[in-house]
There are 2 protein chains.
Amino acid sequence: MATQFAYQLDRKPVAAAQVKFAEPRDNGVLGLAGSVQNFSQDREIYVEGAPVDTFYKVVSGVVRTCKFLSDGRRQIDAFYQAGDIFGIEGEALHSLSAEAVSDCTVISYRRRGADVAAAGGQIADQLFEHLMQRLARAQEHALLLGRRSAVEKVAAFLVDWADCSADHRSVSLAMTRQDIADYLGLTIETVSRTLSHLERDSLIEMPTARQIRLTDLEALRDFNV
Amino acid sequence: MATQFAYQLDRKPVAAAQVKFAEPRDNGVLGLAGSVQNFSQDREIYVEGAPVDTFYKVVSGVVRTCKFLSDGRRQIDAFYQAGDIFGIEGEALHSLSAEAVSDCTVISYRRRGADVAAAGGQIADQLFEHLMQRLARAQEHALLLGRRSAVEKVAAFLVDWADCSADHRSVSLAMTRQDIADYLGLTIETVSRTLSHLERDSLIEMPTARQIRLTDLEALRDFNV
DNA sequence: CGTCAAATTGAAAGTCGTCAATTATCGTGG
DNA sequence: CCACGATAATTGACGACTTTCAATTTGACG
């Protein structure tokens with residue numbers, strides 16, 4: 001079956017590309033035919049197994065993609081922020097679910113009856129780049145899930161998010177502890193305990209639960225040998 | 001940068017496509033310009049960070065791709081068997097290392113100075129399909145690593161491999177317990193203990209350590225709710 | 001100020017890892 | 001063909017890290 005995306009160029013990004021977990025920058029692979037959609041917190045954007053007819057770009061807010069086991073266990077694959085593109089999974093069916101972490105606005109672009117090649121070389125290349133990056137991230141994530149301890153996971157998470165803040169030293173989290181836990185393969189309690197532990201050791205400061213300052217960024221980075 | 005693969009079609013697969021962890025079938029995305037290479041057990045095929053100038057197809061034997069932490073911890077991303085294609089990671093640099101699990105023969109294909117689009121629509125589509133499948137597998141693997149227990153992991157591993165045997169009920173493992181452990185995010189001891197446990201419960205039989213019969217396939221499948 | 005969800009903290013349990021010893025397996029050479 | 005040595009695999013005992021269960025505190029919002 002032919003892979004079908006109708007990509008069109010959009011040279012005026014709708015939001016500053018402050019990107020982290022998904023796209024390293026605004027890549028301009030956007031259709032002009034996009035339509036704006038709003039999702040309130042925890043609302044489902046699409047569900048695993050649904051047919052793939054659109055892909056999305058985040059305008060504001062945060063989106064998570066995840067998988068579930070039938071008993072409710074959840075693994076979050078990635079978080080997406082303003083400028084990030086998501087929803088390109090599988091040829092025909094979504095391999096993940098996508099949900100709004102916070103109230104958010106996205107633009108959805110319809111896949112049309114033209115295959116990748118027909119879409120043109122430049123666009124195909126951008127799509128490749130996107131997939132390659134997703135793949136590399138997934139591999140890095142697997143290493144974290146399979147081989148890192150709780151402290152290492154949490155430290156990596158904080159450093160990752162700090163990298164896309166202004167000073168690289170503070171993080172304001174849109175997600176709950178449960179989201180973090182399900183991203184890191186831990187429980188809420190372990191995440192909470194680990195953060196408290198890091199605060200006691202003066203590696204971070206938590207003015208509020210969602211605002212974290214990385215006071216010792218080097219030490220945090222050192223957890224990721 | 002343009003994504004560059006010079007794909008050429010090869011309609012006569014070099015080996016029966018008994019595929020599992022990587023490719024669902026022989027997809028014919030092969031250059032005629034491939035050259036045969038042999039690697040003895042545990043030999044490195046390429047290393048993470050190396051420039052990507054070739055990709056590979058397994059003729060015989062088994063290959064693993066993996067990542068390492070500086071202290072030696074290893075996470076195996078995937079195993080590849082006869083007919084599987086591997087080595088397509090990243091635009092310029094390998095995001096994984098590849099090593100021979102057993103003595104093996106592969107065909108390597110050189111990437112050339114033509115970008116994806118120039119390679120033609122059909123080939124671009126096949127590459128997309130390949131990447132999408134890799135991505136879906138990586139996500140499934142992350143769910144396993146982050147949210148499944150030791151028994152569930154081992155059961156899933158066995159069922160996966162049995163799916164590509166003749167009767168779907170027996171597995172002959174090319175890899176060591178250490179390989180299995182590093183694939184599942186466990187230790188050798190836990191893998192070994194879990195297998196013994198499954199044997200005591202009559203879910204499997206182990207004539208030898210590397211030959212496993214799944215006597216109760218249904219029960220094993222049920223671990224993956 | 002009261003209510004509810006989110007987050008923290010404590011205590012206890014359990015799963016899995018670590019360390020160590022034993023057994024099995026395979027290739028090699030006598 | 002058997003013995004030997006090296007590597008792989010199994011098993012046990014113990015311990016640590018993480019989870020589970022439960023209670024408390026914090027924070028957001030009407």
Side-chain angles (χ1 to χ4, degrees), chain A residues 40-42 62 64 69 71-75 101-103 144-158 171-201 204-212 223, chain B residues 40-42 62 64 69 71-75 101-103 144-158 171-201 204-212 223:
Chain A
S40 53
Q41 192 177 338
D42 290 327
V62 177
R64 63 177 172 251
L69 295 178
D71 63 0
R73 281 177 286 178
R74 181 178 69 163
Q75 178 62 50
V101 169
S102 60
D103 291 348
L144 175 137
L145 291 171
R147 287 301 178 210
R148 299 192 119 107
S149 68
V151 214
E152 292 171 334
K153 288 176 176 180
V154 172
F157 178 81
L158 292 175
V171 181
S172 63
L173 302 170
M175 69 285 290
T176 65
R177 295 292 189 264
Q178 186 64 63
D179 286 324
I180 299 174
D182 288 345
Y183 178 73
L184 299 176
L186 298 171
T187 59
I188 342 177
E189 293 94 332
T190 301
V191 170
S192 185
R193 260 186 267 272
T194 305
L195 286 170
S196 301
H197 183 69
L198 290 173
E199 189 172 35
R200 264 196 302 282
D201 293 354
I204 64 173
E205 284 170 21
M206 291 192 287
T208 76
R210 303 286 184 100
Q211 278 288 341
I212 305 184
F223 278 112
Chain B
S40 53
Q41 193 175 337
D42 291 327
V62 176
R64 65 176 171 251
L69 294 179
D71 62 1
R73 282 178 286 178
R74 181 178 68 163
Q75 179 62 49
V101 170
S102 60
D103 290 350
L144 175 137
L145 291 171
R147 287 303 179 209
R148 299 192 119 108
S149 68
V151 215
E152 292 172 334
K153 286 177 177 181
V154 172
F157 178 81
L158 293 174
V171 181
S172 63
L173 302 170
M175 69 286 291
T176 66
R177 295 290 190 266
Q178 186 65 62
D179 285 325
I180 300 175
D182 288 344
Y183 178 72
L184 299 177
L186 299 170
T187 60
I188 343 177
E189 294 94 334
T190 301
V191 170
S192 185
R193 259 186 268 271
T194 304
L195 286 170
S196 302
H197 183 68
L198 290 173
E199 188 172 37
R200 264 197 302 282
D201 293 355
I204 65 173
E205 284 171 21
M206 290 192 287
T208 75
R210 304 287 186 101
Q211 277 289 341
I212 306 185
F223 277 112

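Every heavy atom of this structure was used, including side-chain atoms; hydrogens, water molecules and symmetry mates were not. Just so we're on the same page: letters track the sequence lines, and every chain starts at 1.
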Would you kindly give the [atom1]-to-[atom2] distance between [X] and [N], to the nearest whole Å?
| X | N | atom1 | atom2 | answer |
| --- | --- | --- | --- | --- |
| A/Q178 | C/dT8 | CD | P | 13 Å |
| A/E152 | D/dA16 | CD | C1' | 15 Å |
| A/L184 | D/dT18 | CG | C1' | 14 Å |
| A/L195 | D/dT18 | CG | P | 14 Å |
| B/R177 | C/dT23 | CZ | C1' | 14 Å |
| B/D42 | D/dT7 | CG | P | 12 Å |
| B/M206 | C/dT23 | CE | C1' | 14 Å |
| A/D182 | C/dA6 | CG | P | 13 Å |

Requested in this report: Could you tell me whether the side chain of B/R193 has a donor or acceptor atom within less than 3.5 Å of a complementary atom in the base of C/dT18?
Outcome: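 When only heavy-atom distances are counted, B/R193 does reach the base of C/dT18 through a donor-acceptor pair under 3.5 Å.
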Query raised in the report: At their closest point, which heavy atom of A/L158 faces which heavy atom of A/V171, and how far apart are they?
Result: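 Answer, listing the atom of A/L158 first, then A/V171: O-CG2, 3.8 Å.
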**Report entry** Along DNA chain C (nearest heavy atom to each residue), the more 5'-positioned of A/T190 and B/V191
**Finding:**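 So the residue in question is A/T190.
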Query raised in the report: When you match A/S196 and A/R147 each to their closest nucleotide on DNA chain C, which lands nearer the 5' end?
Result: A/S196
Query raised in the report: Between A/A150 and B/R200, who's closer to the 5' end of DNA chain D by nearest nucleotide?
Result: B/R200
Query raised in the report: Does A/L186 or A/A209 map to a spot on DNA chain D nearer the 5' end, using the closest nucleotide for each?
Result: A/L186
Requested in this report: May I ask you to verify if any side-chain N or O of B/R210 is less than 4.0 angstrom from the OP1 or OP2 atom of D/dA9?
Outcome: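 Affirmative; the distance criterion is met.
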**Report entry** A/S192 vs C/dA7: side-chain N/O to OP1/OP2 distance below 4.0 Å
**Finding:** no
Under 4.0 Å between a Lys/Arg side-chain N and an Asp/Glu carboxylate O for [X] and [Y]?
| X | Y | result |
| --- | --- | --- |
| B/R74 | B/D179 | yes |
| A/D42 | A/R64 | yes |
| B/R73 | B/D182 | no |

Query raised in the report: So, do A/V101 and A/Q41 sit near enough that their side-chain heavy atoms are less than 4.5 Å apart?
Result: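 Contact flag for A/V101/A/Q41 side chains = no.
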Report task. Just call it for A/T208: base, sugar-phosphate, or nothing, with non-hydrogen atoms closer than 4.0 Å on any strand. Result ->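 Result for A/T208 = nothing.
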